Amino acid sequence: MQNKLQVSESGKELWQQYIEFIELAAHDLQAPLRKLSVLTERLTNKYAAPGNEDTQEYVQRINTCIGDMRNLIDGFSEFASLNTNITEPVACDLDALIKRILHELGTEITEKDIRIEKTVLPVVDADKNQIYQLFKKIVENVFKFAKYHTPLTIHFQSHVLTPEEKLQHSLDTSRSYHKIEIEDNGIGFKQQYAEKIFHPLVRLNGKSGYPGIGLGLAMCEKIVSNHQGIIYGEGIENEGARFTIILPEKFN
């Protein structure tokens with residue numbers, strides 16, 4: 001039985017065409033961006049003298065737009081690099097992986113007084129690099145959408161899927177699956193957008209307060225799909241969100 005995120009053969013062919021298009025577009029767009037950067041630098045050197053504040057402001061806006069475009073191109077290139085097939089899955093200790101991610105973000109955790117609550121997480125077959133990206137992006141997303149002036153709390157927990165839960169999610173009842181939940185008390189979101197947040201370039205909040213290009217969760221869904229799993233989000237606006245990831249214990 002296939003789950004709802006598993007990719008068909010025709011879907012893989014379309015995805016490969018999509019990847020090729022993104023790679024070509026990203027390559028072709030880098031050259032004009034480099035030229036724009038050079039031209040704005042020359043413009044700055046020639047006209048952005050003291051007393052010419054208007055020119056300085058316009059040049060700064062141009063440079064900001066160039067930076068946004070470059071980030072978008074880099075994001076699409078990273079998105080395209082997520083291969084459809086997992087060729088060499090290895091046993092990945094998710095508990096150790098989360099500890100590594102939290103250690104890497106230790107300075108931010110300390111500065112923002114973020115509280116981490118965690119139960120022991122499982123070991124699953126996975127592409128080590130992709131599964132690292134998955135949980136790193138989820139954690140960074142939680143950090144980004146914390147409430148102002150409210151200490152952030154993140155709770156990690158997991159359990160083995162019951163037969164009833166497998167049927168609920170249309171999963172193969174003969175396989176073992178682990179359900180990992182990441183819950184927070186951040187700004188949350190309206191439940192009506194629960195599916196939309198996984199679409200590329202979707203932003204529910206203003207860029208000024210919450211920077212980003214809107215590809216992080218789309219990449220997470222692609223990685224989970226590559227691993228024959230399921231990901232979904234649940235949110236309550238201004239109260240928090242919970243992201244659930246279901247992964248098979250063994251990769252077939």
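Note that the coordinates shown come from a computational prediction; the quantities given were computed from them, not determined experimentally. The figures here come from the full heavy-atom set of this structure, side chains too, leaving out hydrogens, waters and symmetry mates.
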[X] and [Y]: which non-hydrogen atoms are nearest, and at how many Å?
{"X": "Ile197", "Y": "Leu217", "value": "O-CB, 3.5 Å"}
{"X": "Leu152", "Y": "Gly186", "value": "CD1-N, 4.3 Å"}
{"X": "Ala146", "Y": "Ile187", "value": "O-CG2, 3.8 Å"}
{"X": "Leu121", "Y": "Gln157", "value": "CD2-C, 4.1 Å"}
{"X": "Pro248", "Y": "Val124", "value": "O-CB, 3.8 Å"}
{"X": "Thr244", "Y": "Glu181", "value": "OG1-CG, 3.7 Å"}

Non-hydrogen side-chain atoms of [X] and [Y] separated by less than 4.5 Å:
{"X": "Asp127", "Y": "Tyr132", "result": "no"}
{"X": "Lys250", "Y": "Arg175", "result": "no"}
{"X": "Leu94", "Y": "Pro122", "result": "yes"}
{"X": "Val90", "Y": "Asp125", "result": "no"}
{"X": "Ile154", "Y": "Glu117", "result": "no"}

Calculate, to the nearest 0.5 Å, the distance between atoms [atom1] and [atom2] belonging to [X] and [Y] respectively.
{"X": "Ile98", "Y": "Phe135", "atom1": "CD1", "atom2": "CZ", "answer": "5.5 Å"}
{"X": "Leu171", "Y": "Tyr177", "atom1": "CG", "atom2": "OH", "answer": "4.5 Å"}
{"X": "Leu134", "Y": "Lys222", "atom1": "CG", "atom2": "NZ", "answer": "12.5 Å"}
{"X": "Phe189", "Y": "Glu237", "atom1": "CZ", "atom2": "CD", "answer": "10.5 Å"}
{"X": "Ser176", "Y": "Leu161", "atom1": "OG", "atom2": "CG", "answer": "8.5 Å"}
{"X": "Thr150", "Y": "Lys112", "atom1": "OG1", "atom2": "NZ", "answer": "13.0 Å"}

Do [X] and [Y] pair up side chain to side chain, a donor and an acceptor below 3.5 Å, judged on atom types alone?
{"X": "Glu239", "Y": "Asn185", "answer": "no"}
{"X": "Asn141", "Y": "Lys137", "answer": "no"}
{"X": "Glu165", "Y": "His159", "answer": "yes"}

Within the side chain of Arg242, is there an N or O that forms a donor-acceptor pair under 3.5 Å with the backbone of Asp184? no

Spell out, as yes or no, whether a donor-acceptor pair under 3.5 Å connects the side chain of Thr110 to the backbone of Gly106. yes

Show the numbers, then the answer: is there a side-chain contact (heavy atoms from CB on, under 4.5 Å) between Ile246 and His178? CA-CA 6 Å; Ile246 298 174; His178 291 277; over 6 Å; no

Show, in sequence, the C-alpha distance, side-chain angles and deciding distance for His199 and Tyr193, and conclude whether the ring pair (Phe, Tyr, Trp, His ring centres under 6.0 Å) test is met. CA-CA 10 Å; His199 295 173; Tyr193 300 124; over 10 Å; no

Below 4.0 angstrom, N of the basic side chain to O of the carboxylate: do [X] and [Y] qualify?
{"X": "Glu140", "Y": "Lys136", "answer": "yes"}
{"X": "Lys118", "Y": "Asp95", "answer": "yes"}
{"X": "Lys166", "Y": "Glu164", "answer": "no"}

Could you tell me how the ring of His227 sits relative to the ring of Phe251: parallel (under 30°), tilted (30 to 60°) or perpendicular (over 60°)? perpendicular

Do Val139 and Leu105 pass the side-chain contact (heavy atoms from CB on, under 4.5 Å) test, and can you show the C-alpha distance, the side-chain angles, and the key distance before you say yes or no? CA-CA 9 Å; Val139 172; Leu105 298 171; 3.7 Å; yes

Stepwise side-chain contact (heavy atoms from CB on, under 4.5 Å) check, Val123 with Cys92: CA-CA 5 Å; Val123 176; Cys92 294; 5.8 Å; no

Determine, step by step, whether Tyr232 and Ile245 satisfy the side-chain contact (heavy atoms from CB on, under 4.5 Å) criterion, reporting the C-alpha distance in whole Å, the side-chain angles of both residues, the deciding distance to 0.1 Å, and the verdict. CA-CA 7 Å; Tyr232 57 90; Ile245 300 167; over 6 Å; no

